[in-house]
Structures are given as C-alpha cells and as structure tokens.
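Here is the structure we will look at, set down as structure tokens.
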Amino acid sequence: MSRNKAIDGRNLVSTAVCNPMSFAIGHFALGAAVTALIVTYLLPNIPYPRTLVLTGGLWALVPDAAKLVTSPKLTAFHESIFAEFFWFHRTLDRIDAPDSAGISALFVALFFLVTVLVERRERRQFGRTSESYDDGDVPTQ
C-alpha cells in the first residue's frame with residue numbers, strides 16, 4: 001500500500017511501502033550498545049574500539065537501505081529473515097510496529113548507560129586516558 005502526502009494542496013504519492021518499522025535511531029543505538037558490550041568484554045584488546053562501536057550502529061541500519069533506494073529486492077531483503085543478522089533489525093521493526101519514539105528513546109538511554117559502563121571499566125582497567133598538565137607545563141607545538 002502506498003502512502004499519500006498532501007503538501008501545499010498537492011497530493012504527492014510516495015514510492016515507499018508503508019510497513020510498520022522502528023525509528024532508525026533505535027536501530028543505531030541498539031546496534032552500537034551491543035557492539036560496545038562485545039568489544040569491551042569479549043574483544044578487549046582490539047584496536048579502534050570506538051570506531052567499531054559506530055560501525056556496529058551503522059551495521060544495524062543496513063536493511064533500511066530500502067528506504068533510500070526504490071528497489072523490490074532491497075524491500076524484500078528488509079522484510080526477510082536475513083535482516084536479523086543486522087542486530088535483530090526485523091525483530092525490532094516488529095516489536096516497535098507503531099514507530100514509537102518512546103521505544104527508540106529507551107534504546108538511546110540503553111546506549112548511554114552502556115557507554116558509561118564501558119568508559120568506567122576502561123578507566124578502572126587502564127587509568128586516565130589523558131595526561132594532566134601543571135599550570136605552566138603546557139606543551140608547545
């Protein structure tokens with residue numbers, strides 16, 4: 001079923017399919033939070049952990065490429081079981097069918113809490129991550 005939008009008195013027909021799905025920020029936050037936990041606790045010595053966390057969030061968004069490009073294959077992929085490999089994308093779309101801002105906010109809060117937990121663990125394990133300078137001991141460039 002296609003979606004009609006009224007803009008300035010004109011009816012524009014969108015090519016997007018009206019399937020219930022969650023906000024993209026919810027997918028990103030859940031993917032980044034799960035990736036942060038995996039990187040912190042299962043792969044603690046991996047280089048560039050923060051980059052991997054961002055990559056995990058972006059990985060969760062891959063099935064939503066169907067929103068950017070009109071393609072029956074991408075739409076079918078978004079609705080298929082293979083979308084689950086992208087941090088349970090399909091399940092999240094089904095759970096958050098009404099596109100609730102509250103559920104997405106919950107995942108953003110979860111990501112924030114995981115970030116605090118990861119930073120706390122890193123600081124306890126490795127100490128301060130930056131040097132502090134005395135008043136007159138500022139490095140010159």
Side-chain angles (χ1 to χ4, degrees), residues 1-135 137-141:
M1 155 168 105
S2 64
R3 180 184 329 180
N4 290 330
K5 294 183 178 181
I7 299 176
D8 297 329
R10 298 175 295 167
N11 285 330
L12 300 176
V13 178
S14 172
T15 58
V17 176
C18 263
N19 291 328
M21 60 185 64
S22 184
F23 284 139
I25 190 69
H27 289 292
F28 179 87
L30 179 65
V34 173
T35 304
L37 290 172
I38 289 172
V39 166
T40 301
Y41 292 105
L42 299 179
L43 305 168
N45 296 322
I46 198 160
Y48 307 107
R50 289 172 186 86
T51 302
L52 288 175
V53 169
L54 290 174
T55 303
L58 293 173
W59 178 257
L61 294 173
V62 168
D64 281 339
K67 293 180 182 179
L68 302 174
V69 179
T70 304
S71 167
K73 289 182 181 181
L74 285 176
T75 303
F77 173 72
H78 182 269
E79 296 300 319
S80 75
I81 192 72
F82 296 110
E84 296 293 349
F85 292 114
F86 299 87
W87 296 127
F88 310 106
H89 188 99
R90 184 172 173 237
T91 299
L92 183 55
D93 280 349
R94 302 277 187 267
I95 290 171
D96 192 17
D99 215 9
S100 164
I103 298 239
S104 292
L106 181 70
F107 285 124
V108 171
L110 173 71
F111 179 46
F112 177 77
L113 291 174
V114 166
T115 302
V116 169
L117 178 73
V118 166
E119 292 294 326
R120 183 172 186 265
R121 182 179 188 275
E122 186 175 294
R123 187 174 176 113
R124 293 177 103 199
Q125 185 175 3
F126 300 113
R128 290 187 68 154
T129 57
S130 64
E131 297 179 16
S132 59
Y133 300 102
D134 294 333
D135 291 333
D137 192 23
V138 178
T140 58
Q141 293 178 336

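Computation of the quantities below employed the complete heavy-atom set of this structure, encompassing side-chain atoms and omitting hydrogens, waters and symmetry-equivalent molecules.
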For a quick test of reading the model, state the closest non-hydrogen atom pair linking [X] to [Y] and the distance between them.
X	Y	answer
Thr40	Pro44	O-CB, 3.6 Å
Ile25	Ser104	CG2-CB, 3.9 Å
Phe111	Ala32	CE1-CB, 3.5 Å
His78	Ala66	CB-CB, 4.3 Å
Leu74	Ala65	CD1-O, 4.0 Å

Phe112/Phe107 aromatic ring centres below 6.0 Å: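 Centroid distance Phe112-Phe107: not below 6.0 Å, so no.
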Salt bridge present between Arg50 and Glu119 (N-O < 4.0 angstrom):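 Salt bridge between Arg50 and Glu119, a charged N being under 4.0 Å from a carboxylate O: yes.
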Phe88 CZ: over 12 foreign heavy atoms closer than 6.0 Å: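 It does not: Phe88 CZ has 12 such atoms or fewer within range.
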Euclidean distance, Arg120 CZ relative to Thr115 OG1, rounded to 0.5 Å: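 The distance works out to 15.0 Å.
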Interatomic spacing from OG1 in Thr91 to CD1 in Ile81 - rounded to 0.5 Å: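 Result: 7.0 Å between the selected atoms.
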Residues Tyr41, Leu117; criterion side-chain contact (heavy atoms from CB on, under 4.5 Å); working and verdict: CA-CA 11 Å; Tyr41 292 105; Leu117 178 73; 3.7 Å; yes
Heavy-atom side-chain proximity of Thr55 to Thr35 below 4.5 angstrom: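 The answer is no, as the side chains (C-beta and beyond) never meet within the 4.5 Å cut-off.
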CA sep, side-chain torsions, deciding dist, call: Phe86, Phe77, side-chain contact (heavy atoms from CB on, under 4.5 Å): CA-CA 11 Å; Phe86 299 87; Phe77 173 72; 3.3 Å; yes
Any donor-acceptor pair under 3.5 Å linking the side chain of [X] with the backbone of [Y]?
X	Y	value
Trp87	His27	no
Arg90	Glu79	yes
His89	Ala60	yes

